[in-house]
Amino acid sequence: MRFLRPFSVAFAAAVMLFAGLAAAQQPIKVGIGIAQTGPLGGGGKAALLALNMWVDDVNAKGGLLGRKVQLISYDDQSNPGTTPGIYTKLLDVDKVDLIIAPYGTNPTAPIMPLVKQRDLLLMGNFSFDVNAQIKHDKWFNNAPWGAGAVAWGATFLEAGKALGGKTVAFMAADAEFAQNLATGSRQIAKAMGLQTVYDQNYPPNTVDFSSMIRAVRNAKPDILFVASYPGESAAIVRAVNEIGVGPSVKLIGGGMVGLQFAPIMEALGPLLNGFVNYNSYVPEKSLDNPGIRDFLAKYRPRAVQEKVDPLGFYLPPYNYAIGQMLEQAVTATKSLDHKVLADYIRKNEMKTIVGNIRYDAVGEWAKPMVVMAQFRGVQGKDLEQFRQAGKQVIIAPASMKTGEVLPYDKARK
Amino acid sequence: MDLQLLFEATVSGVLLGCFYAAVSLGLSIAFGLLDVPHIAHPSFLVLGAFGAYVLGGYGIDPLVAGLLLMPVFFVFGLGVYQFYYATFERRGTDTGLRGLAFFFGVAFIVEVGLILAFGVDQRMVEAPYIGESLEIGEMRLPYRMLVAFGMAVVLMAVLSVYLSRTFTGRAIKAVAQDEGALRLMGVDPVRVKRIAFGLATAVTAVTGALLIIVGPVEPGLGRIYIGRTFCVVVLAGLGSVPGTVVAGLILGIAESIVLSTAGAAWAPAVSFGILLMVLAVRPAGLFGR
Amino acid sequence: MDAGTRRFIVGAIVFLALVYGLTRLVSNEYVFFATYVVLQFIVLATAWNILGGYAGYVNFGSGAFFAVGAYTGVALFKAFEAPILVQVVAGATMSGLLGLAVGALSLRLRGIFFSIATVAVAIVIETAVVNTPYLGGAKGLPILRPAPPAMFQSYLEFVFFVMAVLAVIAVFCARYVETSWIGRGLRAIRDNEGAAECSGVPTLKLKLFAATLSGALMGAAGAPFAQYLSFIEPTSVFNLNYAVSALAMPIIGGMSHWMGPVIGAVLLGTVQQLVTVTISSELNVLVVGVLLVLFVVAAPDGILGLVRKLRRPRAPAASIGAKA
């Protein structure tokens with residue numbers, strides 16, 4: 001009987017070892033529901049590619065905590081109605097360990113109550129003020145604008161004022177992101193003492209902007225702030241070039257989504273010259289670092305292969321950065337516990353290819369870094385020219401400036 | 001409101017309206033004359049637009065591309081109608097609804113096919129007349145809209161002449177009026193309808209090219225044009241091809257004027273509100289049979 | 001009450017008891033989210049079929065009726081913290097009135113004009129909602145769910161149960177319409193409206209009734225949506241998917257009997273939910289498209305029609321001039 005005890009101890013140890021090994025073979029699952037079709041599909045596909053690249057890079061280095069990382073993703077069809085179903089499937093059926101939010105504000109909003117109720121860590125993905133009402137303490141949004149619309153409105157309108165502008169016109173699409181931008185910017189304009197001479201929302205999917213631009217020209221504004229979606233941004237740029245906004249306008253642009261996407265940049269070419277628009281990354285010196293250069297070089301061939309945005313300036317670096325943040329937090333705390341991870345992210349500086357990020361109390365970037373860049377010297381319809389510095393000169397914020405803003409008329413040439 | 005602004009908005013509206021009329025012409029034939037619930041028409045438009053995009057990659061002007069694709073689309077239309085007739089019209093009952101569901105299915109399949117082939121991004125074409133405008137005093141008229149306008153007028157004229165002067169054209173109008181009588185006169189109505197549908201599809205090749213000339217196109221754009229094109233055709237009155245231009249003009253001008261005023265966000269409500277009012281007062285449409 | 005109705009009511013009670021049991025036993029929330037959508041489509045498809053299948057008038061703007069119900073619920077919740085039953089009744093009323101209005105406008109004409117009118121109405125209402133800041137406009141409105149009532153563990157489960165009850169009510173209404181003189185009249189209208197009118201069928205009144213009932217049920221289906229999603233915004237409620245699904249499900253299931261839309265909704269709804277979380281991509285839309293084409297071509301009377309054909313023994317060939 002005496003050898004029974006050491007035998008059982010050995011047996012128990014062996015069982016635990018095997019169980020531990022089995023658990024270690026189990027991959028760490030990261031779940032996301034992200035648009036692959038619908039209006040947000042173009043951005044979503046590029047973002048998902050970047051996330052997959054992060055997963056490949058992490059696994060090449062040996063995984064997280066010795067385990068491989070597996071990304072489970074579903075298409076939310078740009079429809080907020082699908083997200084609660086998708087995320088409960090990820091959490092309750094696929095049993096993911098970590099979750100990342102969908103691309104965009106509206107698809108994320110429906111899952112905020114769910115996430116708060118279950119006290120989960122959620123990495124936000126280019127959304128706007130989604131946590132403002134719920135105030136979940138484990139939410140960290142990766143978007144360069146921080147809380148509120150100050151990051152765009154203020155920098156853009158200040159540049160306008162610096163050029164001598166006193167009146168402003170607003171054009172905004174009747175869609176979520178554009179409306180949020182416009183609302184915030186209207187307040188900022190008032191606070192700055194600018195006079196609003198034209199302020200119109202337009203229906204999404206408007207085909208022809210000739211009459212609207214004509215009306216804007218009639219109002220003779222100094223600054224034209226446009227908050228538009230990809231479908232209309234191209235049409236508006238064309239209309240501005242064709243109809244003209246009049247000699248009074250010194251600054252156009254601000255919040256035009258779509259002018260960061262390669263297919264649109266390529267198709268519009270020189271029509272873009274003079275527009276000042278927000279971006280999250282442009283290939284200028286002040287934003288350059290070896291990490292992002294490396295990322296873009298690896299991204300390019302895969303993007304062409306998968307038929308997504310070949311430049312990869314707008315969303316992809318940020319999604320890769322989300323992966324990096326999760327990697328840093330998990331590796332530093334050696335834990336997958338959401339509370340521990342959230343505490344770490346709240347208290348520490350996260351080092352990513354889009355910069356070093358610190359989060360404020362509501363889970364937004366403490367220091368916004370929205371770049372306002374002016375298109376200059378774009379010639380012909382060549383996409384490669386956008387990879388070099390000088391085509392999108394950063395005119396704000398002051399810490400990242402690579403050039404002074406030129407009035408629209410001068411910059412067009 | 002500023003009179004100059006109103007005048008210019010009206011002119012823009014005329015150009016836009018002719019564009020709407022042009023893209024609805026194929027539907028005017030398929031649905032207006034043949035009673036086929038062709039809800040896949042906007043998807044065919046997008047297909048034509050992508051055809052022009054592909055040929056544009058070889059340096060072919062989009063309008064020329066559209067014209068080149070016409071015979072291909074004609075044959076495609078013949079095939080689609082043959083299948084539709086064999087499966088639905090011959091069987092008789094409930095054709096409208098099942099035909100509708102069938103065309104919905106076709107529209108979705110075309111959309112997904114385009115996504116798989118081209119991805120979800122927007123595509124644009126280039127031509128010397130895109131991006132420039134004609135200056136008349138203070139007014140600027142974009143050339144691409146003038147091209148759309150010109151094309152619509154030409155198509156309209158050609159179709160009108162075809163439908164009233166040629167034998168097949170008159171047979172098409174006849175089959176819309178009274179199929180039985182046509183059969184008694186020794187003409188095979190099915191053959192006539194097939195040709196008409198092929199013609200309608202061929203028209204979408206060119207008008208699809210117009211679509212991508214006027215603005216960027218992505219595979220899901222068809223859904224947005226379902227409402228617009230049916231609105232034009234119903235407003236015109238089923239069976240009236242010239243009415244399509246008038247209806248398109250009304251909608252284009254209304255939209256253009258509203259966009260230049262303080263209520264720009266209400267433009268779609270105005271257009272479809274007009275349709276509802278016309279339906280209430282004169283259900284056959286403006287020129288309907 | 002005849003035997004058929006008694007059996008139906010018993011079946012309904014059993015079904016609801018099962019649903020309630022589900023809420024107590026299952027803790028996997030995904031089941032509730034996914035099944036809610038299927039139940040919702042049962043209501044929508046059944047509602048659509050009352051006008052579309054029984055009477056032959058195709059509603060193309062089901063999204064609008066659904067959305068009116070949803071936004072009525074939201075408005076009442078925001079203004080008075082109204083309980084969900086009030087929201088449902090109010091949503092049903094508003095959408096019913098909408099159905100009546102659209103019907104009065106266009107049901108006098110050929111069926112196709114009713115369909116176009118529904119499209120136009122859908123776009124007008126969507127524009128109105130987008131421009132109403134009180135309802136959230138284009139930005140949408142987050143909704144904080146209240147605490148659940150005593151018998152339920154979470155508000156989501158309560159809403160889920162409400163939707164199951166609505167499904168039963170919708171099917172009950174459809175069954176009643178189908179088996180009563182109203183259904184006979186609607187079938188007469190569908191087969192030949194002119195002849196029906198000549199035979200004394202009050203066609204306009206029946207059509208208006210069907211349109212109102214159809215709209216009301218769709219509004220009822222929409223009212224709990226904001227509570228389900230904890231959020232409401234225009235693009236998810238005015239989605240073309242509702243219009244297409246409400247049409248496709250009765251076609252696939254069979255339009256002449258109340259079971260058809262239920263079968264179609266369960267089949268297509270489940271397939272859609274599964275595809276969303278498995279192959280999940282642009283292929284979702286392809287699946288719907290292919291299913292539509294397949295069923296419409298191969299099974300013109302839907303699944304019920306197929307079942308009927310399989311069950312009926314082959315009739316001996318009869319020739320017209322045969323000897324008596």
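In what follows, chains carry the letters A, B, and so on, assigned in the order in which the sequence lines appear, proteins first and then strands, with residues in each chain numbered from 1. All figures in this text were calculated on a predicted structure; none of them were measured in a lab. Computed from heavy atoms alone, side chains included, the values below leave out hydrogens, waters and symmetry copies.
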ask   = With distance as the sole criterion, is a donor-acceptor pair present between the side chains of B:Ser24 and B:Thr244 under 3.5 Å?
value = no

With chain B, the option among A:Asp309, A:Ile243, A:Asn241 that has the most non-hydrogen atom pairs under 4.5 Å is A:Ile243

Bottom line for B:Leu16: the part with an atom under 4.5 Å from chain A's heavy atoms is side chain

Residues of residues 105-118 of chain B with a heavy atom under 4.5 Å from any heavy atom of chain A, in residue-number order, are B:Leu116, B:Ala117, B:Phe118

Honestly, the part of A:Val308 sitting under 4.5 Å from a heavy atom of chain B is backbone

Applying a strict 4.5 Å limit to non-hydrogen atoms, the region of A:Asn218 in contact with chain B is side chain

Taking the basic N atoms (NZ, or NE/NH1/NH2) and the acidic carboxylate oxygens, is any pair closer than 4.0 Å for B:Arg140 and B:Glu8? no

Of all heavy-atom pairs linking A:Tyr198 and A:Ala219, the shortest is CB-CB, 4.0 Å

Please check if the number of heavy atoms outside A:Tyr318 that lie under 6.0 Å from its OH is greater than 12.
yes

Turns out that what part of A:Phe209 lies under 4.5 Å from chain B's heavy atoms comes down to neither

Correct closest heavy-atom pair for B:His41 and B:Val23 would be CE1-O, 2.7 Å

TODO: Start with the C-alpha gap between A:Thr167 and A:Gln195, add the side-chain angles, then the distance that decides, and say whether side-chain hydrogen bond (donor to acceptor under 3.5 Å, both in side chains) holds.
DONE: CA-CA 5 Å; A:Thr167 56; A:Gln195 186 202 0; 5.8 Å; no

Residues 376-386 of chain A vs chain B, non-hydrogen distance cutoff under 4.5 Å, contacting residues -> A:Lys381

Contact list (residues 220-233 of chain B to chain A, heavy-atom gap under 4.5 Å, by number) returns B:Ile224, B:Tyr225, B:Arg228

Q.
Please determine whether the number of non-hydrogen atoms from other residues, nucleotides or ligands lying under 6.0 Å from atom CD of B:Glu126 exceeds 12.
A. no

**Item:** Pair A:Asp222, A:Ser248: side-chain N/O donor-acceptor within cut-off below 3.5 Å
**Value:** no

To the nearest 0.5 Å, atom CD of A:Gln200 lies from atom CE of A:Met212 at 5.5 Å

Notebook entry, point to check: Is the B:His38 ring parallel, tilted or perpendicular to the B:Phe44 ring (thresholds 30°, 60°)?
Noted result: perpendicular

Within residues 49-67 of chain B, the residues sitting under 4.5 Å from chain A by heavy atom, in sequence order, are none

Given the options B:Ser256, B:Ser260, B:Ser12, A:Ser211 meets side chain to side chain donor-acceptor pair (under 3.5 Å) only with B:Ser256

Given A:Arg214, A:Lys307, A:Glu232, the one with more heavy-atom pairs under 4.5 angstrom with chain B than any other is A:Arg214

If you tally heavy-atom pairs under 4.5 Å between each of B:Leu134, B:Val11, B:Asp121 and chain A, the highest tally belongs to B:Asp121

Interatomic distance, CG@A:Asn201 vs CH2@B:Trp266, rounded to 0.5 Å, equals 11.5 Å

Ranking B:Ser133, B:Gly119, B:Ala265 by heavy-atom pairs under 4.5 Å to chain A gives rank one to B:Ala265

Max heavy-atom pairs within cutoff under 4.5 Å with chain B, candidates A:Arg217, A:Glu306, A:Lys45, A:Glu266, goes to A:Arg217

Side-chain H-bond candidate by donor/acceptor type, B:Glu255 with B:Tyr20, under 3.5 Å
yes

Whatever's closer than 4.5 Å to a heavy atom in chain B on A:Asp174 counts as side chain

Side chain to side chain donor-acceptor pair (under 3.5 Å) test vs A:Thr37 passes for just one of A:Asp76, A:Asp75, A:Asn79, namely A:Asp75

Whatever's closer than 4.5 Å to a heavy atom in chain A on B:Gln122 counts as both

